[in-house]
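Since the structure comes first, as structure tokens, the remarks are kept for the end.
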Amino acid sequence: MRNIFSEYNYCVMINELTQAVIAAIDKLYGQSVDSKMVQISATKKEFEGDLTLVVFPFLKISKKGPEDTAKEIGEALTDSPMVAKFNVIKGFLNLSIAKNYWLNLFNGILADDAFGTKPVTENSPLYMVEYSSPNTNKPLHLGHIRNNLLGYSLCKVLEANGYKVVKTNIVNDRGIHICKSMLAWQKFGNGETPESSGKKGDHLVGDYYVKFDVEYKAQVKDLMAQGKSEEEAKKEAPLLLEAQSMLKKWEDGDKEVRELWNMMNQWVYSGFDETYKRLGVGFDKIYYESTTYLDGKAKVNEGLEKGVFYKREDGSVWADLAENGLDEKLLLRADGTSVYMTQDIGTATQRFNEYAIDKMIYVVGNEQNYHFQVLSILLDRLGFSWGKDLVHFSYGMVELPEGKMKSREGTVVDADDLMDEMVGTAKEVSQELGKLDGLSEAEIDNIARICGLGALKYFILKVDPRKNMLFNPKESIDFNGNTGPFIQYTHARICSVLRKAAEAGINLPDAADEGLTLSDVESNLIQNLANFPTVVAQAGAEYSPALIANYVYELVKQYNSFYHDFSILKEENEALKVFRLLLSKKIAAVIKTGMSLLGIEVPERM
RNA sequence: GGUCGGGUAGCUCAGCUGGAUAGAGCAACAGCCUUCUAAGCUGUGGGUCAAGGGUUCGAAUCCCUUCUCGAUCACCA
């Protein structure tokens with residue numbers, strides 16, 4: 001029997017079995033096969049067994065039918081101490097692994113405090129992840145929530161895969177849209193502040209952005225009544241002209257405009273900070289477009305000198321992307337002002353100077369696929385080592401039952417309101433169930449916060465990022481079934497059992513007795529548990545938090561079934577009781593780790 | 001029109017590096033709390049995996065065609 005737990009894991013087990021299969025085939029048919037031909041996967045739950053070998057690839061070698069071949073290989077494999085028994089269904093050889101192998105595997109997992117994650121070392125590659133990227137003229141909404149949750153979770157998953165991660169944000173703090181809310185506040189605000197109005201700063205500024213739009217539309221309507229065409233009216237409305245002149249003043253560094261800009265941006269930032277904090281996301285480094293766009297212009301001019309870009313007669317600067325099968329792209333307007341692309345080049349320049357980036361990931365919605373395709377080409381041409389392989393982590397829209405969210409039509413779901421609602425509902429649910437009686441108000445509120453946000457986050461993260469998803473405010477707030485609270489509940493229940501065990505004076509050892517006779521349910525749980533590191537690795541490789549979410553859900557479902565059918569504390573066999581406690585404890589730990597990779601907390605009671 | 005994504009149960013979603021009878025949750029119906037937290041467990045019903053063709057021992061999965069929904073192709077960001 002093995003003693004060195006730490007060297008034995010699921011991969012080693014599969015490898016060992018693979019080698020045994022190769023040996024068996026060699027013995028039976030005198031041919032050595034490549035390990036790639038040996039397909040071993042977890043047995044489907046409706047069949048008996050733990051691991052299944054697909055024998056179809058070996059039929060040409062055995063020159064026999066699938067069933068006979070499977071039977072022969074199965075019999076040969078029982079020579080190995082690992083294979084306890086087998087059964088054959090069609091061309092599938094189902095193998096039952098000896099229970100002591102599972103226990104040995106479990107003890108290895110138990111001893112690994114950082115199970116499922118790889119350590120970050122000095123030599124780890126550095127990944128920079130940009131996410132959130134808000135405009136400072138309106139509060140965050142449901143679309144931003146998906147972005148923020150995906151971005152943050154992606155960072156956690158990458159860290160768990162042993163990468164150094166720098167979480168970054170680019171704040172869109174300049175431009176005509178910002179001037180619109182500034183202008184509206186100046187004209188209609190009467191000096192209103194977050195303090196005087198009691199509104200969160202980002203909401204206050206957002207209200208003036210809306211106010212601008214209302215007044216602007218009224219002016220356009222008036223002009224059209226005076227006989228102007230719609231196009232003319234839209235261009236000539238006095239408010240728009242004023243906003244444009246304000247932008248010019250801003251660019252010229254006009255003291256008064258800059259002061260107003262600073263003040264209102266600060267309001268927005270403190271509002272955003274509150275929302276970010278509540279969402280549980282954060283950044284290591286924040287960039288502001290107002291400081292990066294100048295670097296962008298400089299970098300574009302540098303490219304112009306090197307001949308990477310070209311200038312048209314009107315003075316505008318362009319990139320010709322014909323060799324990439326794309327069109328031409330504007331980088332600087334004729335008047336020398338920058339566009340979106342220019343700013344991203346500038347931001348990249350600053351980042352490049354400050355960090356030794358191995359991989360740059362942009363978490364931005366899929367409506368910008370083209371933009372990032374172009375950005376990648378341009379950065380590569382400008383000599384950024386990571387430009388060519390930059391990753392656009394592109395995700396789908398969040399749609400409402402009425403269709404897409406549109407800020408102008410007031411159909412956006414506000415981030416703060418949504419969190420309020422989720423937490424409020426969570427509190428009602430727990431009060432109805434009456435499980436938190438005896439806890440302090442602060443503790444109850446904290447649990448409601450954890451569950452409400454858990455429901456929201458899990459709901460969004462369990463979906464494949466690249467797909468559009470539907471959010472129905474009435475139906476999506478659910479706490480039963482495949483939800484965050486379902487998973488959190490299981491964690492809380494395990495904690496409860498462990499508390500009771502501690503109260504009963506049970507001291508848990510570091511390892512389980514490997515001579516135990518386990519049920520298939522228990523060994524299946526170990527098998528599923530053992531798969532966690534593979535899932536984390538896959539989630540990292542595919543940039544998919546959803547894989548973690550779905551894995552944890554499956555694990556929890558399986559555990560709940562076990563919990564229902566087996567008693568833990570009342571088990572009379574002491575060694576078995578200890579094993580079940582250890583198993584529960586480790587599963588709780590994996591739930592906690594998995595959920596933390598999604599940015600979701602788990603409560604110890606609920 | 002070009003490019004890129006989607007289309008799986010009434011609804012929301014898994015499964016997609018080809019493997020067994022396509023899975024969950026919600027909703028509906030039927031059971032299970034004097035027993036470790038019922039936010040749980042068990043069961044029933046519900047499918048032409050958009051359609052057609054191809055590759056193969058085997059296709060929801062890979063390839064081709066068609067239909068369909070969305071995004072994008074801006075001197076907006």
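The chains referred to below are lettered A, B, ... by the order of the sequence lines, with proteins before strands, and numbering in each begins at 1.
Looking at heavy-atom distances under 4.0 Å, A:Ser561 makes contact with sugar-phosphate atoms alone, never a base. When heavy atoms are screened at a 4.0 angstrom cut-off, A:Ser430 is found touching base atoms of the nucleic acid. Across all strands shown, A:Leu470 has heavy atoms under 4.0 Å from sugar-phosphate atoms exclusively, and none from any base. Nucleic acid contact class of A:Thr52 (heavy atoms, under 4.0 Å, all strands): base. A:Glu604 comes within 4.0 angstrom of a base, heavy atoms only. Looking at heavy-atom distances under 4.0 Å, A:Asn94 makes contact with a base.
Nearest heavy-atom pair across A:Asn169 and A:Pro134 is OD1-CD, 3.4 Å.
A gap of 16 Å separates the P atoms of B:A24 and B:C16, to the nearest Å. Comparing the same atom, C1', in B:G1 and in B:U61 gives a spacing of 31 Å after rounding to whole Å.
Closest to the side chain of A:Tyr563, out of B:U37, B:C41, B:A20, is B:U37. Ranking B:U37, B:A14, B:C36 by closeness to the A:Ala492 side chain, first place goes to B:U37. Listed nucleotides B:C36, B:C41, B:A20 differ in distance to A:His564; the shortest reach to its side chain belongs to B:C41. Among the nucleotides B:A38, B:A14, B:A20, the one closest to any side-chain atom of A:Phe47 is B:A20. In this structure, of B:C36, B:U21, B:G19, it is B:U21 that holds the atom nearest to the side chain of A:Lys90. Of the candidate nucleotides B:C36, B:A14, B:C41, B:A14 has the atom nearest to the side chain of A:Val463. The side chain of A:Ile89 approaches B:A20 more closely than any other nucleotide in the set B:A20, B:C57, B:C36. Residue A:Phe486 places its side chain closer to B:G40 than to any other of B:C26, B:G40, B:G25. In the set B:G23, B:C36, B:A24, B:A24 carries the atom at the smallest distance from any side-chain atom of A:Tyr553.
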Could you walk me through whether A:Thr425 and A:Phe479 pass side chain to side chain contact (heavy atoms under 4.5 Å, CB included), step by step? CA-CA 9 Å; A:Thr425 310; A:Phe479 296 90; 3.6 Å; yes

Quick one, A:Lys329 with A:Leu321, criterion side chain to side chain contact (heavy atoms under 4.5 Å, CB included). Give me CA distance, side-chain angles, the key distance, then yes/no. CA-CA 7 Å; A:Lys329 187 78 190 171; A:Leu321 302 170; 4.1 Å; yes

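Using a 4.0 Å cut-off, some side-chain N or O of A:Asn480 falls inside it from OP1 or OP2 of B:G40. Note on A:Lys462: every side-chain N or O is 4.0 Å or more away from OP1 and OP2 of B:U12. Dashed line: the shortest gap from a side-chain N or O of A:Lys44 to OP1 or OP2 of B:A20 is under 4.0 Å. Contact check, A:Lys577 against B:C36: no side-chain N or O comes under 4.0 Å of OP1 or OP2. The phosphate of B:C36 has neither OP1 nor OP2 within less than 4.0 Å of any side-chain N or O from A:Arg493. Between A:Arg499 and B:C36, a side-chain N or O to OP1/OP2 separation shorter than 4.0 Å is absent.
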What string of B, S and - do you get for nucleotides 70-77 of chain B, 5' to 3', if B is base contact, S is sugar-phosphate-only contact and - is no contact with any protein heavy atom under 4.0 Å? SSSS-BSB

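Look at CD on A:Gln558: it is 16 Å from C1' on B:A14, rounded to the nearest Å. Atom pair A:Leu433:CG and B:U37:C1' shows a separation of 10 Å (rounding to whole Å applied).
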Give the table of side-chain donor-acceptor pairs shorter than 3.5 Å for residues 464-473 of chain A, with sequence neighbours excluded, one pair per line with atom names and distance.
| unit_1 | atom_1 | unit_2 | atom_2 | d |
| --- | --- | --- | --- | --- |
| A:Asp464 | OD1 | A:Arg466 | N | 3.2 |
| A:Asp464 | OD2 | A:Arg466 | NH1 | 3.4 |
| A:Asn468 | OD1 | A:Met397 | N | 2.9 |
| A:Asn468 | ND2 | A:Glu399 | OE2 | 3.3 |
| A:Asn472 | OD1 | A:Lys474 | N | 3.0 |

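We find that the ring of A:Phe92 and the base of B:A20 stack, their centres lying under 5.5 angstrom apart and their planes tilted less than 30°. Taking the 5.5 Å centre cut-off and the 30° plane limit, the aromatic side chain of A:Tyr489 is not classed as stacked on B:G40.
Base orientation of B:C33: syn (glycosidic angle within 90° of 0).
By the 30° and 60° cut-offs, the orientation of the rings of A:Trp261 relative to A:Trp250 is perpendicular. Using a 30° and 60° split on the angle between ring planes, A:Tyr559 and A:Phe562 fall in the tilted class, from 30° to 60°.
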Please convert RNA chain B into dot-bracket. A pair counts if it is Watson-Crick or G-U wobble with both distances under 3.5 Å; crossing pairs go in [ ] and bases paired with another strand get |. ((((((((.[[[[.)...(...]]]].(((((.......))))).....[[[[[..)....]]]]])))))))....

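Closest-nucleotide positions on RNA chain B for A:Asn560 and A:Val54 were compared, and the one nearer the 5' end corresponds to A:Val54. Comparing A:Thr490 and A:Pro465 by the nucleotide of RNA chain B whose heavy atom lies nearest to each, the residue mapping closer to the 5' end is A:Pro465.
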